[in-house]
*Asks:* 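Submitted below is the structure of interest, expressed as structure tokens.
Just so it is clear, the model here is predicted, and its values are computed rather than measured.
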Amino acid sequence: MPENHTALYVGSAFVAGVSVALVCRELLSSQDHGRNPAASNEPAIQAPVARSGPPAIVEGIQGCIGNTPLFRIKSLSDATGCEILGKAEFLNGAGQSSKDRVALSMIEIAEEEGLLTPHSGDTIYEGTSGSTGISLASLARAKGYLAHICMPSDQAIEKSNLLLKLGAIVDRVPPAPIVEKENFVNRARALAQAHTESSSVSVTAEKDGDMETHEISVQGRGFFADQFENEANWRAHYSGTGPEIYAQCHGKIDAFVAGAGTGGTISGVARYLKPLLPNMTVVLADPQGSGLYNRVRYGVMFDVKEREGTRRRPQVDTIVEGIGINRVTANFEAGKELVDDAVRVTDAQALAMARWLVEKDGIFIGSSSAVNCFAAVKTALKLGPGHRIVTMLSDSGSRHLSRFWAKAGDVGGAVDTKLEDVLNAKDEDFSKIS
């Protein structure tokens, strides 16, 4: 091809590409604007356009949050006749989980309200089972803060080890109900207040199997992130996750399935998608021991495993981390009326699903993601072939090695698990795995 013709061809292709992108943006924007956010009391946002090709250069790790891939989970799709899609939230660029969105939202809104000032000595406090703390610790360093994380001592040890490597102060405290002051959330709140009012705070840490308490000096203010009640949580998913899923699916979604710990993900995504897709089903994926299943199904927060005299520990009785709760949070209530159904998932079913996804697809996920995938399969079987179900793959299995995956065991070599084996998994299937 002559040189001048080559230049003309490249220029024409570039103009055509820009024109298509602008048309797509206009179409999606008009759909979003037609929702009248002011009338529905929702924040006005512009729907994103699903991009192709490499992403643009961004500023810092916070620029690597969001726009995660949505991919077809082949084994589950083939087995159910539905298209089951997983949102790869473990590819977020700060803490490698969906909590990156929440952490960034909480920090940015706190900065806008003057509650945090970068490089001033301010410290971010949070009570978390791990992932939110990891995201906060990463972003705190990136934005000029320190992080002080309180977490239950029964969570996977690699989470607290990672927090320490990220420079966070870590309190591993014995599990306690939310009504007790030593609950990890209440402790984080109290430490943030004490930080603001004093020049030192008391820190409890585990050393050689014993809990030790000592005083550390502090500067600046203490900010309690409060992921359970802070509406910046669900808004992060309303303005980010929901629009991304809509754009990636070109508006064709039959069901959205997600678990709830704080409730921010399911509420935020549901509040975005439901007005656009009123016939879409929103399904809660809930682990054993959590009361949210009964809250959705029957309007009562109760679970038989938590009945007095039967529970084995003071919190939700499950090996699953990150989702499941026995109290109502502001973030869950923000979208509860949009949740149509709930699926209860046992520990054995979650373990079996996690093993299945490694065996069939090479997908290595954490415990909450396994619960989501199991509930997505149940939803697919209920809806019947030909439907599209979207679920969340919240984090990698690499931060669940010492607890969830220790129970799940090694997948092994040549195996041929059937989906019925996963659906009918029992505790005794894993009783011999240490």
Side-chain angles (χ1 to χ4, degrees), residues 28-48 50 65-68 70 85 87 89 92 98-106 108-109 132 226-286 292-293 295-297 299 323 325 327-343 368 372 375-376 379 388-392 394:
L28 284 168
S29 296
S30 64
Q31 289 174 319
D32 186 56
H33 293 160
R35 297 170 61 231
N36 190 6
S40 62
N41 196 32
E42 304 290 9
I45 60 173
Q46 184 177 8
I65 296 172
N67 291 313
T68 55
L70 184 67
L85 306 178
K87 184 74 165 151
E89 290 294 278
N92 277 298
S98 59
K99 294 300 185 179
D100 279 1
R101 300 176 186 266
V102 176
L104 183 60
S105 178
M106 292 191 299
E108 289 183 340
I109 290 177
T132 303
D226 199 13
Q227 61 169 327
F228 289 90
E229 311 301 328
N230 190 338
E231 71 170 16
N233 184 337
W234 71 259
R235 288 184 180 276
H237 296 290
Y238 176 85
S239 62
T241 317
E244 289 171 25
I245 290 172
Y246 186 82
Q248 289 166 321
C249 291
H250 303 288
K252 185 187 182 303
I253 310 165
D254 296 300
F256 174 71
V257 179
T262 64
T265 301
I266 196 167
S267 289
V269 173
R271 287 182 71 145
Y272 182 84
L273 292 179
K274 270 285 197 176
L276 295 170
L277 303 167
N279 294 324
M280 182 191 73
T281 302
V282 177
V283 181
L284 170 75
D286 209 34
L292 292 178
Y293 172 87
R295 178 71 172 174
V296 170
R297 282 291 189 90
I323 59 173
I325 196 170
R327 62 184 174 90
V328 175
T329 67
N331 278 288
F332 185 75
E333 285 296 291
K336 183 179 72 68
E337 297 306 317
L338 301 175
V339 180
D340 302 294
D341 200 2
V343 174
S368 63
N372 288 345
T379 301
R388 174 181 280 174
I389 295 97
V390 175
T391 194
M392 303 291 287
S394 304

*Asks:* Considering non-hydrogen atoms only, spot the tightest contact between Ile266 and Ala258 and give its length.
*Replies:* CD1-O, 3.6 Å
*Asks:* With a 4.5 Å cut-off on side-chain heavy atoms, are Thr281 and Thr379 touching?
*Replies:* no
*Asks:* Would you check if the side chain of Ser105 reaches a backbone N or O of Arg101 as a donor-acceptor pair within less than 3.5 Å?
*Replies:* no
*Asks:* Show the nearest heavy-atom pair for residues Asn331 and Ser267, with the distance to one decimal.
*Replies:* O-OG, 2.6 Å
*Asks:* Taking the side chain as C-beta and beyond, is there a heavy-atom pair between Tyr272 and Thr241 under 4.5 Å?
*Replies:* no
*Asks:* Nearest 0.5 angstrom please: Ile253 CD1 to Leu276 CG, how far?
*Replies:* 9.0 Å
*Asks:* Quick check: closest heavy atoms across Ala285 and Ile323, and the distance to 0.1 Å?
*Replies:* O-CD1, 4.0 Å
*Asks:* Check whether NZ of the Lys or CZ of the Arg Arg327 lies under 6.0 Å from the centre of the six-membered ring of Phe228 and within 45 degrees of that ring's axis.
*Replies:* yes
*Asks:* Are a donor atom and an acceptor atom from the side chains of Gln227 and Thr262 found within less than 3.5 Å of each other?
*Replies:* no
*Asks:* Considering all heavy atoms of both residues, which atom of Val343 and which atom of Ala375 are nearest to each other, and what is their separation?
*Replies:* CB-CB, 3.9 Å
*Asks:* Apply the test side chain to side chain contact (heavy atoms under 4.5 Å, CB included) to residues Phe332 and Val296: give CA-CA distance (whole Å), side-chain angles for both, the deciding distance (0.1 Å), then the verdict.
*Replies:* CA-CA 11 Å; Phe332 185 75; Val296 170; 3.9 Å; yes
*Asks:* Can you check whether Val328's main-chain N or O pairs, donor with acceptor, with Arg295's side chain at less than 3.5 Å?
*Replies:* no
*Asks:* Any idea which heavy atoms bring Tyr293 and Asp286 closest together, and the distance?
*Replies:* N-OD2, 2.9 Å
*Asks:* Measuring from atom CD1 of Ile109 to atom CD of Glu231, what distance do you get when rounded to the nearest 0.5 angstrom?
*Replies:* 7.0 Å
*Asks:* Any chance you could lay out the side chain to side chain contact (heavy atoms under 4.5 Å, CB included) test for Asp340 and Lys274, step after step, and finish with the verdict?
*Replies:* CA-CA 11 Å; Asp340 302 294; Lys274 270 285 197 176; 2.9 Å; yes
*Asks:* Go through the steps for His237 and Val102 under the test side chain to side chain contact (heavy atoms under 4.5 Å, CB included), then give the verdict.
*Replies:* CA-CA 8 Å; His237 296 290; Val102 176; 3.5 Å; yes
*Asks:* For Leu85 and Cys249, which heavy atoms make the closest approach, and how far apart are they?
*Replies:* CD1-SG, 3.9 Å
*Asks:* Would you say Thr391's side chain and Val257's backbone share a donor-acceptor pair under 3.5 angstrom?
*Replies:* yes
*Asks:* Under the side chain to side chain contact (heavy atoms under 4.5 Å, CB included) criterion, do Glu333 and Glu229 qualify, and how do the steps go?
*Replies:* CA-CA 10 Å; Glu333 285 296 291; Glu229 311 301 328; over 6 Å; no
*Asks:* Using modelled atom types only, decide if a donor and an acceptor are shared between the side chain of Asn372 and the backbone of Met392 within a distance under 3.5 Å.
*Replies:* yes
*Asks:* Return the CG to CZ distance between Leu284 and Phe256, rounded to the nearest 0.5 Å.
*Replies:* 10.5 Å
*Asks:* Glu89 and Asn92: side-chain donor and acceptor closer than 3.5 Å?
*Replies:* yes
